[in-house]
Amino acid sequence: MNSPAAGFTPLRDRPAYRRLAEHFDNVSGLSLRELFDQDPARGQRLALEFEDIYFDYSKQRVTDETLDLLVALAEESGLSARISAMFGGEHINVTEDRAVLHVALRAPTSEVIDFDGHDVVPEVHEVLNRMGGFADRLRSGEWTGHTGQRISNVVNIGIGGSDLGPVMAYEALKHYSQRDLTFRFVSNVDGTDFVEKTRDLDPAQTLFVISSKTFTTLETMTNARTARDWLLAGLGTPEGDVSPVAKHFVAVSTNAEKVSEFGIDTENMFGFWDWVGGRYSMDSAIGLSTMLAIGPDGFGQLLAGFHSVDEHFRTAALRQNIPALMGLLTVWYTDFFGSQTQAVLPYDQYLNRFPASLQQLPMESNGKSVSLDGKRVDYGTGPVYWGEPGTNGQHSFYQLIHQGTLTIPADFIGFLHTLNPVGQHHDLLTANVFAQTEALAFGKTADQVRAEGVEDSLVPFKVFEGNHPTSTFLVGQLTPYTLGQLVGLYEHSVFTQGVIWSVDSFDQWGVELGKVLAQRVIPELQSEQPPALAHDSSTNTLIRRYRAAQGRS
Ligand code: F6P
């Protein structure tokens, strides 16, 4: 392991952090009403525009001094140096001794990105070109299945980063997809997922994309084997003949050996590299299903959107840097207000999987309680990210955001133009974005409630305290390009948070223990003979009950 501890000052000892703590005592009582009254231009001033993205953070509970101090904290925490280190291919994932170069996945051929002494951009484009060639053949019908029929169904099998980004991108970009192709995504090891997603598919017309960085993940490999059996049985292939696999399975992985062991020709494998973390991989070959859906040009636009935000993050001054500010605001609420969650509320039905996909990114990255020096942190780190597309959430959990006791910072994402201009829908949808952020910020006072003629006993129930912080992203239109930008913004926001918290945002040791214990429990559930159980009394009893239900006592 590298020496990660070199030269970093614990968060609470950084001068800007101390000043922020004092400053918080002075400003935490300020209301957004007061802040807007004091500065009528606040709504224009605290906003940034980057290409087609307008980022309004004026409804955040910050003053100019807060922002200065947060930026000072970022500087003292070495954010600019960490950005350079990431783009420079340094092994900033210290606990796994790996570089973190997802930015290279979207670099144009004109750029050079160095990793351990060589430029990785040409190999990235070599894979992109191979993916493009395959996508063209499949989309045109030139690539056929084993029986010569055209492929009309694509089933991605993967989990975590090998599933969430691809599902989200497919849903988000459905408008741009080739509609005569059906896409399905199988992730859960629960057999129901596979059965339900394939029950109406014809094996002769189905292609499986097995997406797994390691090609060892239990869920994915189990589903992949089931898919192979389903295909061979469905095609009526004689026992022992696996020849149909060649035309119906492709792999996306870093592990050629395991791909080959599974029986997929490595000619039909699209590779990537260990410097791409699973949750940062939707723009690597893991995005093959996305490319099959929207075509190589559309995928190129997605990458260009990511790249534009990479350049913004790398070059913009921190005070004008949207992802840096997003990350700093999260730190502000987490460490000073004690917020434990962050809502992401996209007002576009196509983004229905955006919050779910986003959860892995910050929570696997910054869900850490040990800083780079191996010591337990004495401050809050990664909040819970969650959300639903608007306006559905308004009729569900918004009550708690408006009148509950928690401070829940929320990102609202709206679009100037809809892809489906039907009747008045888009005006109504967008009115709700603006109305909700206004209501959350300014609420309704007791006097206002009384003035509406509400009887005194009911007034407390109808008061909205307001002062709930939000950011609003107002984006031109949902396109592959702007989707890449939006995801890129969150990626770099998460990076910024991790730098301030001095955690390794690129490992995920927390997922290991459960995996290891499951490997121990599996034979205990399946063995013919009663196993000698040495777990705690709760786990032992659960295992016995399950075995009994299967008739294996
Ligand atoms: O859950 C842990 C994890 O390693 C994620 O980080 C990753 O996205 C997922 O598992 C899937 O891993 P793989 O692509 O290797 O199958």
Side-chain angles (χ1 to χ4, degrees), residues 92-102 105 127 131 155-170 185-190 193-194 208-228 249-262 264 266 269-291 353-368 382 384-385 487 490-491 494-495 498 503-519:
I92 61 170
N93 175 356
V94 289
T95 70
E96 295 180 305
D97 194 12
R98 285 182 183 165
V100 174
L101 271 178
H102 45 276
L105 298 170
V127 175
M131 288 165 65
V155 181
N156 185 78
I157 294 183
I159 197 163
S162 302
D163 166 75
L164 291 162
V167 185
M168 180 279 289
Y170 170 67
F185 297 84
V186 175
S187 55
N188 199 330
V189 76
D190 182 344
D193 199 13
F194 182 84
F208 290 98
V209 179
I210 312 300
S211 298
S212 175
K213 180 174 168 180
T214 53
F215 231 72
T216 57
T217 305
L218 171 86
E219 293 86 344
T220 301
M221 298 327 296
T222 305
N223 279 317
R225 282 189 288 272
T226 300
R228 189 173 51 192
F249 277 75
V250 297
V252 178
S253 188
T254 56
N255 193 340
E257 202 183 315
K258 290 278 176 204
V259 168
S260 188
E261 238 174 77
F262 180 85
I264 298 177
T266 46
M269 163 179 161
F270 301 91
F272 59 114
W273 306 269
D274 74 357
W275 40 259
V276 183
R279 53 196 175 272
Y280 298 89
S281 66
M282 63 172 275
D283 44 1
S284 71
I286 290 290
L288 182 64
S289 58
T290 314
M291 190 191 271
R353 293 291 293 168
F354 191 75
S357 156
L358 260 196
Q359 286 186 321
Q360 186 194 13
L361 175 62
M363 290 163 70
E364 208 166 71
S365 298
N366 290 335
K368 311 284 164 68
V384 175
Y385 274 66
V487 179
Y490 281 95
E491 284 182 356
V494 167
F495 178 88
V503 296
D504 187 334
S505 300
F506 301 100
D507 61 18
Q508 57 284 317
W509 299 109
V511 304
E512 295 302 324
L513 179 60
K515 283 190 202 173
V516 171
L517 290 185
Q519 289 302 334

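Atoms within each ligand, like the ligands themselves, are counted from 1 in listed order.
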Practice task
Identify, for atom 10 (O) of ligand 1, the protein heavy atom at the shortest distance, and state residue, atom and that distance.
Solution key: Lys515 NZ, 4.7 Å
Exercise for the section: Tell me which protein heavy atom sits closest to atom 8 (O) of ligand 1, plus the residue, atom name and distance to 0.1 Å. Expected result: Gly161 N, 2.7 Å
Could you list the atoms of ligand 1 found under 4.0 angstrom from a heavy atom of [X]?
X	result
Ile159	9 (C), 11 (C)
Ser162	13 (P), 14 (O)
Thr217	12 (O), 13 (P), 15 (O), 16 (O)
Val511	1 (O), 2 (C)
Gly160	8 (O)

When rounded to the nearest 0.5 angstrom, what is the spacing between [atom1] in [X] and [atom2] in [Y]?
X	Y	atom1	atom2	result
Trp273	Ser284	CH2	OG	8.0 Å
Asp274	Lys213	CG	NZ	6.0 Å
Leu218	Ser212	CG	OG	11.0 Å
Leu358	Leu164	CG	CG	10.0 Å
Phe262	Thr220	CZ	OG1	10.5 Å

Exercise for the section: Indicate yes or no for a side-chain donor-acceptor contact from Asn156 to the backbone of Val167 under 3.5 Å, with no hydrogens or angles considered. Expected result: no
Handout entry: Side-chain donor or acceptor of Ser211 paired with backbone N/O of Ile286 under 3.5 Å
Key = no
Handout entry: ligand 1 to Glu364 polar contact by distance, N or O atoms, under 3.5 Å
Key = yes
Exercise for the section: Looking only at distances, please establish whether an N/O atom of ligand 1 is found under 3.5 Å from an N/O atom of Thr220. Expected result: no
Practice task
Taking atom 12 (O) of ligand 1 as the reference point, report whether a protein heavy atom occurs under 4.0 Å from it.
Solution key: yes
Practice task
Decide yes or no for His102 and Arg279: does some side-chain heavy atom of the first lie under 4.5 Å from some side-chain heavy atom of the second?
Solution key: no
Practice task
Heavy-atom distances under 4.0 Å are what count here, so tell me which part of Thr214 touches ligand 1: side chain, backbone, both or neither.
Solution key: both
Exercise for the section: May I ask whether Glu219 has any heavy atom positioned less than 4.0 angstrom from an atom of ligand 1? Expected result: no
